[in-house]
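These values consider heavy atoms only, across backbone and side chains, with no hydrogens, waters or symmetry-generated copies. The first residue of the sequence shown is numbered 1, and numbering continues consecutively from there.
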Amino acid sequence: EQVKKRQNMLTRTLWTFIMIGGFVTLLLMGHAYMIVLVMLCQTLVYREVTALFSLKRADSDKRDSDSEDSQKRDPWSKTLNWYFFIVTNYFLYGESIIYYFKHVVFADANLTLFATNHRIISFTLYTIGFMGFVMSLKRGYLKQQFGLFCWVHMTLLLVVVSSHFIVNNILEGLIWFWVPASLVICNDVFAYIWGITLGRTPLIKLSPKKTVEGFVGAFFSTILFGVLWGTYFMRFDYMICPVHDLGVSAWSVDVSCTPNPVFVWREWEIPTPARVFLTTLLGHQFSTISYAPYQFHVFFMACFASLVAPFGGFFASGFKRAFNIKDFGHSIPGHGGMTDRMDCQFLMGVYTYVYYSSLIRETHVTVGSLLQAIVSGLTITEQLELIADLRRYLEGQGIAVNV
């Protein structure tokens with residue numbers, strides 16, 4: 001038994017370092033590789049979660065049914081559920097491509113056709129799947145089929161839509177993906193460390209190994225880690241710049257942008273009484289303290305990663321208890337399934353996107369947004385008139401234009 005535990009620990013540790021190494025490598029390789037990683041993770045999670053329904057029905061059939069025919073698997077279960085997965089990804093990632101790459105999409109006639117008709121195409125594809133589901137209904141399978149239909153749509157909402165927001169975080173700047181994901185990992189690690197060191201009081205019945213001491217200790221540790229971690233990575237343009245070219249990597253020399261104001265350092269002037277007190281106490285005169293607004297935002301993200309994101313893990317624990325399974329799968333040796341590792345990350349990713357888009361994102365007029373308005377809102381005659389007017393303006397500024 002001890003040998004088996006030691007072997008499992010070695011396997012778990014080895015694959016932990018493999019995952020960390022692979023994660024960092026893909027981060028350095030660029031945005032496109034991180035997006036592929038997120039899509040791969042969501043595919044594995046979707047497969048594991050949707051498989052639970054079939055597992056439940058198979059066990060139920062074996063226990064309750066005497067008919068051999070009733071033990072057959074629903075023929076719809078592995079076709080239309082993946083069809084809905086593909087259609088949902090087509091719609092969501094199409095929306096992201098159109099939004100973040102307007103300057104590319106609306107500069108090409110073929111891509112413009114795709115962009116202007118993307119939503120109606122997506123709805124048509126979904127409608128085809130819905131009609132296919134209705135046509136596949138069979139007497140004797142109705143309860144299972146409608147249950148699976150609801151199960152698939154719940155999974156699409158909780159997994160695929162959440163992954164879409166995580167991809168948007170990557171496109172807004174790698175720091176909005178890297179730091180929040182690191183906060184969740186850090187909180188998980190420190191909750192374990194504080195738990196085995198000081199843990200005495202159970203936190204929640206769904207996860208008997210979780211303790212109040214581990215939860216509180218991880219909260220303060222994650223806040224300290226988050227501020228230091230975020231402050232370090234906000235120095236790099238590669239991390240803070242929104243994506244403009246998917247071909248860039250950490251070794252690209254031309255990565256630069258006008259930083260979002262939250263990354264710009266500022267000076268806070270210390271009030272006179274506090275300044276005198278600090279000077280007397282430390283023997284060195286202080287008049288200002290340097291800070292970046294991003295540090296305050298990281299503080300709130302660390303609070304969420306410590307106080308709310310763990311409930312994604314508790315939710316997953318309840319899920320596993322409902323189906324009487326230890327892990328969602330075996331895709332990662334020593335760690336169970338991909339769902340076991342991503343349960344908190346989905347919740348954190350959605351929070352980060354909502355937080356960023358509500359409180360931090362700046363809205364500017366860009367070449368892409370102007371091009372979208374011109375292509376979709378002006379006739380060909382009006383577009384030619386605009387070109388002529390713009391050419392006259394530039395020539396009036398002394399700029400030669402060859403059109």
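Atom OG of Ser287 and atom CD1 of Ile270 lie 6.5 Å apart (nearest 0.5 Å). For the atom pair CH2 (Trp178) and CZ (Phe23), the distance works out to 5.5 Å, reported to the nearest 0.5 Å. To the nearest 0.5 Å, the span separating SG on Cys344 from CZ on Phe311 amounts to 10.5 Å. How far OH of Tyr353 is from OG of Ser358: 9.0 Å, rounded to the nearest 0.5 Å. Taken from CG in Leu224 to CZ in Phe190, the straight-line distance is 8.0 Å, to the nearest 0.5 Å. Atoms CG and NZ, from Asp340 and Lys320 in turn, are 4.0 Å apart once rounded to the nearest 0.5 Å.
A distance-only check finds a donor-acceptor pair linking the side chain of Trp151 to the backbone of Val49 [under 3.5 Å]. No donor-acceptor distance shorter than 3.5 angstrom exists from the side chain of Glu267 to the backbone of Thr288, with no hydrogens or angles considered. Looking only at distances, no side-chain donor or acceptor of Ser252 sits under 3.5 Å from a matching main-chain atom of Val255. With hydrogens and angles disregarded, a donor-acceptor distance shorter than 3.5 Å links the side chain of Ser357 to the backbone of Val354. A donor-acceptor pair under 3.5 Å is absent between the side-chain atoms of Arg266 and the main chain of Ala292, judged by distance alone. Between the side chain of Asn187 and the main chain of Val184, no donor-acceptor pair closer than 3.5 Å is present. Under the 3.5 Å distance criterion, the side-chain polar atoms of Ser207 are left unmatched by any main-chain donor or acceptor of Ile204. Checked by atom type and distance alone, the side chain of Arg321 pairs as donor or acceptor with a backbone atom of Leu206 at under 3.5 Å. With hydrogens and angles ignored, the 3.5 Å screen pairs a side-chain donor or acceptor of Thr112 with a backbone N or O of Val105. Listed for the Tyr192 side chain is no donor-acceptor partner under 3.5 Å among the backbone atoms of Gly214.
Using cut-offs of 30° and 60° on the angle between ring planes, the pair Trp176 and Tyr356 is tilted. Ring geometry, Phe304 versus Tyr351: the interplanar angle falls under 30°, so the pair is classed parallel (tilted spans 30 to 60°).
A pairwise comparison of heavy atoms in Val227 and Val298 identifies N-CG1, 3.8 Å as the closest pair. The minimum heavy-atom distance linking Tyr238 with Ser249 is given by the pair CE1-C, 3.2 Å. Taking both residues in full, the closest heavy atoms of Leu113 and Asn117 are given as O-ND2, 2.8 Å, listed atom of the first, atom of the second, then distance. In terms of heavy-atom proximity, Gln345 sits nearest to Ile166 at O-CD1, 4.0 Å. Residue Ala305 comes nearest to Ala309 through the heavy atom pair O-CB, 3.6 Å, listed as atom of the first residue, atom of the second, then distance. In terms of heavy atoms, Gln295 sits closest to Thr231 at NE2-OG1, 3.0 Å.
With Phe133 as the partner, the ring pair (Phe, Tyr, Trp, His ring centres under 6.0 Å) test is satisfied by one option alone out of Tyr126, Phe146, Phe84: Phe146. Exactly one residue among Arg47, Arg341, Glu48 makes a side chain to side chain donor-acceptor pair (under 3.5 Å) with Ser331. That residue is Glu48. Among Leu156, Val152, Thr155, the one residue that satisfies the side chain to side chain contact (heavy atoms under 4.5 Å, CB included) test with Asn81 is Val152.
Glu382 CD: more than 12 foreign heavy atoms inside a 6.0 Å radius. Within 6.0 Å of NE2 in His330 there are 12 or fewer heavy atoms belonging to other residues, nucleotides or ligands. The number of heavy-atom neighbours closer than 6.0 Å to CG of Asp389, taken from other residues, nucleotides and ligands shown, is above 12. Other residues, nucleotides and ligands place more than 12 heavy atoms under 6.0 Å from the CZ atom of Phe114.
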Quick one: do Trp268 and Tyr291 satisfy ring-ring contact (aromatic ring centres under 6.0 Å, His included)? Show the steps, please.
CA-CA 7 Å; Trp268 178 68; Tyr291 75 96; 8.0 Å; no

Met338 and Gln42: side chain to side chain contact (heavy atoms under 4.5 Å, CB included), yes or no, with the steps?
CA-CA 8 Å; Met338 183 60 68; Gln42 75 155 11; over 6 Å; no

ring-ring contact (aromatic ring centres under 6.0 Å, His included) for Phe296 and Phe300? Distances and angles first, verdict last.
CA-CA 7 Å; Phe296 295 104; Phe300 288 110; 8.2 Å; no

Kindly indicate, with the supporting measurements, whether the criterion side chain to side chain donor-acceptor pair (under 3.5 Å) is fulfilled by Trp229 and Ser182.
CA-CA 9 Å; Trp229 192 250; Ser182 301; 3.2 Å; yes

Stepwise, does the salt bridge (charged side-chain N to carboxylate O under 4.0 Å, His left out) test hold for Glu213 with Arg200?
CA-CA 7 Å; Glu213 293 81 4; Arg200 296 292 183 274; over 6 Å; no

Check the pair Trp194 / Val216 against side chain to side chain contact (heavy atoms under 4.5 Å, CB included), numbers first and verdict last.
CA-CA 9 Å; Trp194 286 109; Val216 174; over 6 Å; no

Could you walk me through whether Thr352 and Phe177 pass the side chain to side chain contact (heavy atoms under 4.5 Å, CB included) test, one step at a time?
CA-CA 8 Å; Thr352 302; Phe177 167 72; over 6 Å; no

Phe101 vs His244, side chain to side chain contact (heavy atoms under 4.5 Å, CB included): CA-CA, chis, key distance, verdict
CA-CA 7 Å; Phe101 299 99; His244 190 75; over 6 Å; no

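Of the N and O atoms on the side chains of His297 and Tyr355, at least one donor lies less than 3.5 Å from an acceptor on the other residue. No side-chain donor-acceptor contact under 3.5 Å links Ser256 and Asp237.
The side-chain heavy atoms of Leu28 and Tyr33, taken from C-beta on, include no pair separated by under 4.5 Å. Considering only heavy atoms from C-beta on, Leu174 stays 4.5 Å or farther from Phe233 through its side chain. The closest side-chain heavy-atom distance from Met234 to Pro259 is not below 4.5 Å. Counting heavy atoms from C-beta on, the side chains of Tyr294 and Asn260 never come closer than 4.5 Å. In this structure, the side chains of Tyr93 and Met39 come closer than 4.5 Å at one or more pairs of heavy atoms. Residues Phe319 and Ile325 fail the side-chain proximity criterion, which asks for heavy atoms closer than 4.5 Å. A heavy-atom distance below 4.5 Å is not found between the side chains of Glu172 and Asn169. Side-chain contact between Leu171 and Val167 is present, with at least one heavy-atom pair separated by less than 4.5 Å.
Cation-pi check for Lys102 over Tyr99 is met; the charged atom lies under 6.0 angstrom from the ring centroid and within 45 degrees of its normal.
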